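The residues of the chain are indexed from 1 along the displayed sequence. Everything numeric in this text was worked out from a predicted model, so none of it was measured.
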Amino acid sequence: MKLRSAVVPTLALAALAVPAAAPAATLSVDKQCYGAGERVQFSGGGYTPNGEVALSVSGQQLGLGNANPVGEFAASLGAPEIDGRRRTDVFTATDQANLALTATVPVLLTSLNVSVKPRNGDPSKPKRIVARGFTTGRALYAHVRRGKAKRNVRVGRLKGPCGTLNVKRRLFPPDAEPGVYKVQFDARRRYSASTAPQVAFMVTVFQAFR
């Protein structure tokens, strides 16, 4: 008996073309921390060209914008005031033609505050100064003003993205004249009443009797 060899047909497998994955949508901001009223600049890409993009936070829509012909999106929004020291809000940009195209970005927000301790006592002695929210400068300055009396004090270098500081500094000279002084804290070396952000106090210097 002869055995016939079985012929197994060879199957030619055609390579399947896998479509390239569509680029994911992106969203970013221009700074690490924002104070109240600062403009938060959003930018992103990967959206429908010339399509509408909705910006929202915590599920609440803030407004609509349009992507450009290559799908890039940009928007500007004023940072809100917050309670407490810091808060992180998560913002979302969603393509309105394709809801699957969405991206998020965390935005760190800070409040503005300066505390001086002790508030009373000899004003020429060093005070503990704690500050936060000066996100637009490198150093904090105290501008002391009363009539012709003018004094600019470099309090110290601001640290971190939210502009914080904790130091001891002398704000008044030992021979400061009695009276009511304005002390304005800001991040500019030279004084201007319109500088923002700023925190200002009225300080009374009393006559010392010895």
- Answer yes or no: is there a side-chain heavy-atom contact under 4.5 Å between Leu27 and Thr102? no

- Any pair with a residue in residues 106-164 that passes disulfide (SG to SG under 2.5 Å), sequence neighbours left out, goes on the list, sorted by first then second residue, please. Cys33-Cys162

- Kindly indicate whether the side chain of Thr195, heavy atoms from C-beta on, has any atom under 4.5 Å from the side chain of Gln184. yes

Side-chain donor-acceptor distances from residues 44-66 under 3.5 Å, at least two apart:
unit_1: Tyr47; atom_1: OH; unit_2: Thr26; atom_2: O; d: 3.1
unit_1: Thr48; atom_1: OG1; unit_2: Asp95; atom_2: OD1; d: 3.2
unit_1: Thr48; atom_1: OG1; unit_2: Asp95; atom_2: OD2; d: 2.9

- Item | Test side chain to side chain contact (heavy atoms under 4.5 Å, CB included) applied to Arg145 and Asn152, step by step | CA-CA 9 Å; Arg145 293 292 186 273; Asn152 299 316; 3.2 Å; yes

- Item | Spacing of NZ belonging to Lys168 relative to NZ belonging to Lys117, to within rounding of 0.5 Å | 12.5 Å

- Query: Applying ring-ring contact (aromatic ring centres under 6.0 Å, His included), which residue pairs with at least one partner in residues 130-182 are found, sequence neighbours left out?
  - Reply: His143-Tyr191, Phe172-Tyr181

- Message: Restricting to non-hydrogen atoms, name the atom on Ile82 and the atom on Ser111 that form the minimum distance, rounded to 0.1 Å.
- Response: CD1-N, 3.8 Å

- Message: How long is the straight-line distance from CZ of Arg39 back to CG of Asp30, given to the nearest 0.5 Å?
- Response: 11.0 Å

- Just do the side chain to side chain contact (heavy atoms under 4.5 Å, CB included) check on Val107 and Thr88 with the steps written out, would you? CA-CA 5 Å; Val107 176; Thr88 299; over 6 Å; no

- Please report the closest heavy-atom contact between Thr110 and Gly133, naming both atoms and the distance. CG2-CA, 3.8 Å

- Message: Using side chain to side chain contact (heavy atoms under 4.5 Å, CB included), reason through Val90 and Val105 one step at a time and then give a plain yes or no.
- Response: CA-CA 6 Å; Val90 178; Val105 63; over 6 Å; no

- Item | Tyr34 side chain reached by Thr135 side chain, heavy atoms, under 4.5 Å | no

- Task: State plainly whether one hydrophobic cluster holds both Val205 and Phe185, where clusters connect Ile, Leu, Val, Met, Phe, Trp and Tyr through side-chain heavy atoms under 4.5 angstrom apart.
- Result: yes

- Distance-minimising heavy-atom pair for Ala79 and Gly35: CB-O, 3.3 Å

- What's the spacing between Thr136 OG1 and Arg188 CZ if we round to 0.5 Å? 9.5 Å

- Task: Test Arg128 against Val130 for side chain to side chain contact (heavy atoms under 4.5 Å, CB included), laying out the working first.
- Result: CA-CA 7 Å; Arg128 173 64 62 181; Val130 180; 4.1 Å; yes

- Item | Considering all heavy atoms, the nearest Gly163-Leu158 contact | O-CD2, 3.7 Å

- Item | Interatomic spacing from CZ in Arg151 to CZ in Arg170 - rounded to 0.5 Å | 8.5 Å

- Query: Cluster question for you: counting only ILVMFWY and a side-chain heavy-atom cut-off of under 4.5 Å, with indirect links fine, are Val203 and Val199 together?
  - Reply: yes

- Message: Tell me whether the count of non-hydrogen atoms from other residues, nucleotides or ligands lying under 6.0 Å of CZ in Arg85 goes above 12.
- Response: no

- Note on the structure: So CD1 of Ile129 and CZ of Arg169: to nearest 0.5 Å the spacing works out to 8.0 Å

- Note on the structure: Scanning both residues in full, the closest heavy-atom pair of Ala131 with Val114 reads CB-CG2, 3.9 Å

- Message: To the closest 0.5 Å, what do you measure between OG (Ser115) and CZ (Arg132)?
- Response: 8.0 Å

- Gln32 CD: over 12 foreign heavy atoms closer than 6.0 Å: no

- List the steps and the verdict of side chain to side chain donor-acceptor pair (under 3.5 Å) for Glu72 and Ser43. CA-CA 7 Å; Glu72 295 173 341; Ser43 61; over 6 Å; no

- Note, Arg189 side chain near Arg154 side chain (heavy atom, < 4.5 Å): no

- Short N-O contact, Glu177 and Arg146, less than 4.0 angstrom: no

- Task: Taking all non-hydrogen atoms of both residues into account, name the closest pair between Ala103 and Ala25 and its distance.
- Result: CB-O, 3.5 Å

- Would a 4.5 Å heavy-atom cut-off, applied to side chains only, mark Val155 and Leu165 as touching? yes

- Message: A quick test of your reading: do over 12 heavy atoms of other residues, nucleotides or ligands sit less than 6.0 Å from NZ of Lys182?
- Response: yes

